[in-house]
Structure formats: structure tokens, C-alpha cells
Amino acid sequence: MKKTDKTNPTGSDAKQQDLNLNKSDASDQFLTTNQGVKINDNNNSLKAGERGPSLLEDFILREKITHFDHERIPERIVHARGSAAHGYFELYKSLEQYTKAEFLNDTSIKTPVFVRFSTVAGSRGSTDLARDVRGFSVKFYTQQGNYDLVGNNMPVFFIQDAMKFPDLIHAVKPEPHNEMPQAASAHDTFWDFISLMPESMHMIMWAMSDRAIPRSLRMMEGFGVHTFRFINSNNESHFVKFHWKPKLGTHAVVWDEAQKISGKNSDFHRQDLWEAIETGNFPEWELGVQIIPEADEHNFEFDLLDPTKLVPEELVPVTIIGRMVLDKNPDNFFAETEQVAFHPGHVVPGIDFTNDPLLQGRLFSYTDTQLSRLGSPNFHEIPINRTVAPMHNNQRDGHMRQEVNTGRVAYHPNSLGGGCPFQAKIDEGGFVSFNERIDAQKVRERSTSFADHFSQATLFYNSQTPVEQNHIIKALRFELGKVETTAIRERTLGLLSKVDKTLAEKVAKGLGSTVPSTLEKPINHGVGADANDNQEPTTVKQSLESSDALSMLKNKTLSNTIATRQVAFLCADGVSAASVNAMKTALEAAGAQAKIVAPHLGTITAEEGDTIVVDQSYQIAASVLFDAVFVPAGEGILTLMDIPEVPEFINDSFKHCKFIAAEGEGTDILSITNAKVKDHNADEGVLTSEKKGEKNFAGTFIKMMGKHRFWEREKLV
Ligand code: HDE
């Protein structure tokens with residue numbers, strides 16, 4: 001096996017070196033036209049007289065404006081809103097037994113990656129906190145060519161067959177007559193479609209759960225969704241499912257919070273990712289695989305080819321095989337994040353496809369979309385898309401071709417070019433598709449093994465804690481509450497009752513509706529009106545009743561850290577510097593970040609006379625942008641009673657079940673809020689110390705804040 005050339009840089013440095021070839025740095029340089037002519041006046045157009053008309057000969061003005069007029073490219077049809085970063089992937093142990101992909105064989109290889117996270121439905125400028133699936137796309141720049149793992153933060157999908165994808169997206173996007181609502185599924189067309197698509201019920205459970213409103217892009221799981229194949233050097237195949245597990249744990253916000261964040265900072269996730277990387281808090285995930293021998297293909301209660309199903313971790317454990325670290329922000333959003341072109345069909349030898357009919361459709365779609373989005377078949381030449389492996393073929397020309405191919409030969413076979421470039425045999429690393437035997441009739445049908453649409457939806461719902469179930473119910477009430485057509489709401493309630501009767505009844509109660517006793521057949525204007533009219537939904541008895549891995553609250557691996565979490569210190573002139581500094585030092589030692597919030601920007605003066613630099617004023621700061629709140633000690637703190645934003649801040653923290661602490665005089669501030677301590681003795685999420693500088697206060701603060709949310713409070717508010 002070929003090892004990496006150790007003289008080459010590895011990881012994000014290697015890709016960076018590639019990008020550097022095209023980097024432009026204007027420091028100490030003259031301003032020029034695109035033809036390199038130095039510009040003498042960049043403020044005035046060329047005119048006939050100082051008050052006269054502009055002249056057509058002004059090539060400088062025309063070049064500048066023409067370029068500007070063409071600065072936009074079409075945004076992605078889906079996943080338009082995204083944020084990305086560079087990093088690297090390192091393998092813990094060789095997977096040689098299963099795959100011949102070199103980057104998954106050799107633990108000494110550090111593979112550069114570029115990762116783009118996205119929402120699906122909204123436009124490029126839409127809010128980060130929409131209730132939506134998040135895209136999780138990873139481009140591995142391997143020595144054998146680019147490998148793209150283009151997944152989501154949920155392990156299943158709405159539909160089973162690529163044929164329905166344009167319908168799904170047309171339904172969820174803003175309605176075509178009035179372009180409303182933006183980045184939201186809470187409208188008639190989406191639920192109309194869903195109510196007629198029983199196969200979407202499992203994904204609907206995920207999309208209505210808090211997974212759809214992550215706390216941070218750094219705190220989401222990622223999934224390859226489809227079943228793929230690993231192929232080893234003996235040409236043996238194993239099925240594989242991919243999982244990304246965030247080192248910071250999987251965390252979400254609550255819906256009320258998400259909506260407020262959208263108003264306060266619609267770039268919340270983008271900024272969080274950017275700042276984490278800028279401050280050296282590099283986001284990290286572990287890559288896990290579920291490997292299934294070919295012989296076990298039919299031993300499950302569902303079909304491995306059905307993308308609306310997951311393989312429960314209880315049935316096939318996830319083996320952790322490596323880690324990915326994101327350590328560098330893009331230099332230029334457009335050049336990298338906007339122009340990166342992912343494709344599930346970008347695979348390397350050792351990774352192959354299954355016949356999942358959704359994956360099969362994707363394999364066609366992603367090159368096609370780049371042609372209209374990036375405008376040329378040469379999109380692979382854009383620096384962010386370039387492979388780090390040697391690249392030679394007989395493709396030529398086309399819009400914006402960068403490469404200057406030399407010689408007269410652009411065909412194969414040839415003798416004039418010595419037969420070059422030549423084909424690679426399998427043992428020379430040539431890609432050979434898995435030789436799966438296919439012996440079948442051409443049909444436009446769906447396998448009956450895809451017909452159980454509810455069992456895994458029920459499994460997901462049953463696996464949630466009561467708090468999480470309640471959030472799903474509330475999300476459904478919100479979404480369906482925004483639906484204006486009664487029949488759509490009722491039809492959806494009918495489908496929900498097949499997932500869980502009580503769930504449907506609780507949603508119905510919030511809608512002032514009742515659950516229909518029978519499943520209404522969709523209006524079927526002839527063949528094809530019902531998406532799946534060749535089969536009735538079935539129910540397959542499941543061996544598993546609940547799976548802890550599906551619940552964010554039960555599945556708590558490593559999630560008690562407060563690293564990179566943001567704590568608001570509510571301050572004013574006369575605050576105790578001792579109280580502020582002691583807590584700030586302790587929190588920073590635990591990896592969290594303290595932000596001083598005060599009535600104005602600039603500085604405030606502590607009761608000890610110290611000057612404290614203010615990070616945010618009460619006009620800018622809001623509880624929803626923080627993970628916890630601390631009211632320090634000091635006589636001056638009592639002036640906070642007169643600032644209306646202060647009780648609002650603490651009440652929102654309380655409502656969203658976040659950690660609240662106060663020390664000394666700061667405890668008096670809590671008395672004008674819902675976090676009044678004496679009323680909530682049972683609530684360990686409100687921590688107070690009457691005395692300033694009490695021993696262990698900071699230690700208890702950090703321990704309790706690590707619990708993140710105090711859900712018992714939801715019953716109170
Ligand atoms: Fe995509 N999808 N998709 N998709 N998808 C695109 O490709 C498409 C599907 C996913 O950060 C587009 O370059 C079809 C499933 C991500 O740049 C487009 C079908 C999953 C991204 C496209 C699917 C995804 C895309 C838009 C059904 C989860 C963002 C721009 C057959 C596993 C990639 C682009 C990025 C992007 C088509 C289904 C994930 C239009 C036709 C299932 C994360 O080609």
C-alpha cells in the first residue's frame with residue numbers, strides 16, 4: 001500500500017497550501033484593473049467636463065461595474081444557508097479488514113477536510129435557528145482523490161425514493177404565490193405533503209424534536225443517512241452506516257429560545273463556529289461506523305436500503321474509528337464556503353454505494369446542480385474543490401478552464417501520447433465498482449420491505465424522555481397551528497396516531513381538534529396521486545422498544561463539560577470586582593467564557609475602584625445568546641433593579657431552564673424575577689450565596705452549570 005509522502009504537509013495545512021496558490025494579498029500593492037493596469041483615480045468616472053455625461057470609453061468604470069453586476073451565483077436549491085471550516089481527520093485504528101480506502105487504513109495519515117454545515121429550506125440570508133434538518137457535509141482530500149460524506153444531523157430522511165425529492169422541497173420552501181414563510185416548515189404546503197406521505201413519519205419525529213434546533217453546529221451529531229458499502233482488497237463488501245459524534249455532546253436550545261435568537265442574532269450558529277475556531281477552541285467529532293456483514297442484509301426488521309430507517313445502536317454498535325478537528329476558518333466565504341461542491345458520488349476505492357433509491361437519485365443530482373450553480377463543468381478546478389491527488393484525463397475546454405493542457409493528445413487509446421494517461425489496474429488503485437449481482441425485471445415500484453412507516457417513528461418517540469416528548473408535542477402544535485387548512489391538520493393527526501395515540505391526542509388538544517378514528521385516504525385523482533399507491537403501510541413487530549442513543553438527554557456522553565459555554569455577568573458601576581474576578585477566573589479555567597454585561601459599553605467602576613471592561617450593553621445582550629447568567633455581589637448591583645432588561649434577562653433564562661447564580665447583593669436581584677430562590681427550593685439550577693467569596697461557590701457553579709438545563713422548571717413556567 002502506498003503511504004503518504006511524509007515530506008508533504010498534512011491535514012488542513014496541505015489543503016491550505018493548495019489554496020495559497022490562488023490567494024491574493026493586497027497589502028503594499030497598487031490598485032489595478034483586472035488587466036494589471038495601475039489605477040490613478042478610484043473615485044470619479046471619466047466625464048465630458050466636470051458636470052458632463054460619463055464616457056463609454058471609461059474602461060475602468062465599465063470593468064468594475066460589469067464585474068459587480070455579475071458577482072452573484074445562484075444559491076443552492078437546498079442547503080443555501082451554510083457555514084464551513086477547514087480541518088483534518090485522523091484515524092485511530094486501521095479498517096483494512098473492511099475497506100481498502102487508504103485514509104481508513106493507515107493511522108499515520110492526517111487527511112485534510114473541509115466541512116460545511118447548513119440548513120435546508122431557507123435562503124442564503126435566512127436565520128440559523130430555523131426548525132430544520134442541518135446538513136453536515138465533509139470533503140476529505142485524500143491521496144486517492146476526494147471523498148465526500150454528504151450527510152445530515154439526523155440519521156433518516158423524509159422520503160424513500162428520489163422521485164419525491166422535488167415534491168418535498170417544493171412543499172417545504174416558501175409558498176410560490178407569495179414567497180412565505182421563509183426558512184420554516186410551519187405552513188400548509190409542507191404539512192399537506194407530509195399528511196399524504198406516511199413514510200415521512202419517522203423523520204417528522206426527528207424534525208419536531210429539539211435535534212432540529214441545535215445549540216451549536218459544534219454540538220450536533222452527523223449521519224451518512226444511507227447505507228453505504230466498504231470494499232476491502234479481497235473485493236468483499238460490508239454494509240456501513242457513518243456517524244459523527246461531537247466531543248462537546250449533543251445539545252439543543254428550546255423553541256421559544258430559537259425564535260428569539262433568530263431576532264437577536266440570526267448568525268448565531270455561524271458566529272459561534274467562527275469564534276470557537278478563532279479562539280482556538282477547535283470543534284471536534286469522532287467518526288463512528290456500524291458495520292454489517294453482507295450475509296446479514298436481510299436479518300433486520302426493516303430494509304437496510306430504506307433511508308427512512310436507522311440501524312439502532314443496540315442492534316449494531318457504533319465503533320469509533322477516528323476524529324475530525326476543525327482548526328481553520330475559511331479565508332473567503334464565497335471562494336470556499338459558497339463554491340465548495342459536494343457530491344455523494346465523490347468516493348474513493350474502498351467505498352461504494354448501495355441500491356438505496358434515494359442515494360441512487362442523489363448520485364445523478366449533485367454534478368448536475370453544480371453546472372447551473374457554478375456554471376461550468378470545470379467546477380473541480382476551483383481551489384476548494386481541487387483534489388490533492390494527481391489528476392490527469394482527456395477532458396478539455398469548457399467555460400473558465402484553468403488548466404493549460406499541453407500536447408496534441410486528448411483521447412484514449414492513443415499511441416501519439418504513449419498511451420498516457422493510462423488506466424489503473426485494481427492493484428494500482430483503479431476504482432472498480434462492487435460487482436453486485438443484479439438479475440431483475442424493470443419495474444416502477446417500491447419494495448414491500450419499505451412499507452412499515454410507523455414502527456421506527458414509534459421507537460424514536462418511545463426512546464425520548466418525557467421532557468423531550470413534550471417538546472415534540474409542542475413543536476407539532478406550533479407547526480400545525482400555523483396550518484390554515486383544517487383537513488391537513490386532521491389528516492396529520494391521523495398519521496400521528498399511528499405513531500403514538502397519546503401523542504396525537506395531546507397535539508389535537510392543543511389544536512382544539514380531535515384525532516380521526518380512521519386514516520383518511522388521500523384524494524387520489526388516478527394513478528400516482530398517492531405517492532405510494534402500490535402498497536398499504538404495514539407494521540412489523542419490533543424487538544426493540546426503546547433506544548437510549550436516540551434521546552439527547554439519555555445519551556449524555558461527555559456532555560457535562562462547560563467548555564466554550566457563554567456566561568453573562570450582569571453588572572453595573574459598584575459591582576464587586578472580587579466577586580467578578582473570582583468567578584471569571586474559575587469559569588475560564590473550566591474553559592467557559594465570561595461576558596460582562598452593563599448599562600453601557602466602555603468601562604464600569606467596581607466598588608473597590610477597579611475598572612472593568614464591558615463586553616455588551618443591556619441593549620445588545622439577551623439571555624438567549626448565553627448558556628448561563630451570574631449576578632455578582634456589590635452594593636452597586638442593586639441599581640440593576642431599575643433596568644427593565646435585567647428581570648427580562650433572568651426571567652428568560654429561568655423560562656428556558658438555564659443555570660442562574662447570584663452572589664451577595666446579587667441575590668436581591670433574583671427576588672424581582674421568577675428565579676426567586678425561596679419559591680424554588682427544589683430547583684438546583686438556581687444557585688445563590690448570600691456571602692461574597694464563599695468557599696466552593698465557583699466549584700458548585702461549574703458543576704451545576706454542567707447539567708446545562710433544569711427541565712423540572714418547565715412545569716412551573
Ligand atoms: Fe441533497 N442536494 N439531495 N440530500 N444535500 C444538495 O447539491 C438532492 C439528500 C445534502 O453543503 C444540492 O450542491 C436530491 C439527502 C446536503 O454544499 C442538490 C436528493 C441528504 C447538501 C441536492 C437529495 C442530503 C445537499 C444543492 C434526493 C442527507 C449540502 C446544492 C434524491 C443524507 C451540501 C448542491 C453543501 C445539497 C439534491 C437528498 C444532504 C440540489 C436530488 C437524503 C448536506 O444537488
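In each ligand, atom 1 is the first atom listed, and ligand 1 is the first ligand listed.
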Numbered atoms of ligand 1 (with element) below 4.0 Å of L358, judged on heavy atoms: 27 (C), 31 (C), 42 (C)
Under 4.0 Å from a heavy atom of G135: which atoms of ligand 1 are those, numbered in the order shown and with their elements? 43 (C)
Considering only heavy atoms of T369, which atoms of ligand 1 have at least one such atom less than 4.0 Å away? 7 (O), 13 (O), 30 (C), 34 (C), 40 (C), 44 (O)
Quick one: do the E286 and W244 side chains pair a donor with an acceptor below 3.5 Å? no
Taking non-hydrogen atoms only, is V225 closer than 4.0 angstrom to ligand 1 via side chain, backbone, both or neither? side chain
Closest protein heavy atom (residue, atom, distance) for atom 37 (C) of ligand 1: S365 OG, 3.3 Å
For ligand 1, note which part of H343 has a heavy atom under 4.0 Å away: side chain, backbone, both or neither. neither
Is it true that the side chains of H343 and T367 contain a donor and an acceptor less than 3.5 Å apart? yes
Does the distance from a Lys or Arg side-chain N to an Asp or Glu carboxylate O, for R373 and E75, drop under 4.0 Å? no
Quick one: do D306 and K309 make a salt bridge, cutoff under 4.0 Å? yes
Using a 4.0 Å cut-off to any heavy atom of R76, which atoms of ligand 1 qualify? 17 (O), 30 (C), 35 (C)
Geometric N/O contact Q370 with ligand 1, under 3.5 angstrom: yes
Just by distance, with hydrogens left out, do D272 and S216 show a side-chain donor and acceptor under 3.5 Å apart? yes
For ligand 1, which atoms, with element, lie under 4.0 Å from some heavy atom of A162? 31 (C)
Using heavy atoms and a threshold below 4.0 Å, how should the contact between S137 and ligand 1 be classified: side chain, backbone, both, or neither? side chain
Looking at atom 11 (O) of ligand 1, what's its closest protein heavy atom, distance included? R116 NH1, 2.7 Å
Would you say the side chains of S118 and R81 form a donor-acceptor pair under 3.5 Å? no
If only side-chain N and O atoms count, and only distance matters, is there a donor-acceptor pair under 3.5 Å linking E294 with H238? no
If we only count N/O pairs under 3.5 Å, is N152 in contact with ligand 1? no
Minimum side-chain heavy-atom gap Y147-I351 below 4.5 Å: yes
Close N or O approach (Y366, ligand 1; < 3.5 Å): yes
For P330 and T337, the nearest pair of non-hydrogen atoms, with its separation, is CG-OG1, 3.7 Å
With heavy atoms only and a cut-off of under 4.0 Å, state how R362 meets ligand 1: side chain, backbone, both or neither. both
I want to confirm something. Looking only at heavy atoms, which of F165, F157, F379, F364 is nearest to atom 27 (C) of ligand 1? F165
Between H399 and L371, is any pair of side-chain heavy atoms under 4.5 Å apart? no
Could you verify whether a donor N or O on one side chain and an acceptor N or O on the other, from S262 and T127, lie under 3.5 Å apart? yes
Protein residue, atom and distance nearest to atom 10 (C) of ligand 1, heavy-atom basis: H79 NE2, 3.2 Å
Please verify whether a non-hydrogen atom of P307 lies at under 4.0 Å from ligand 1. no
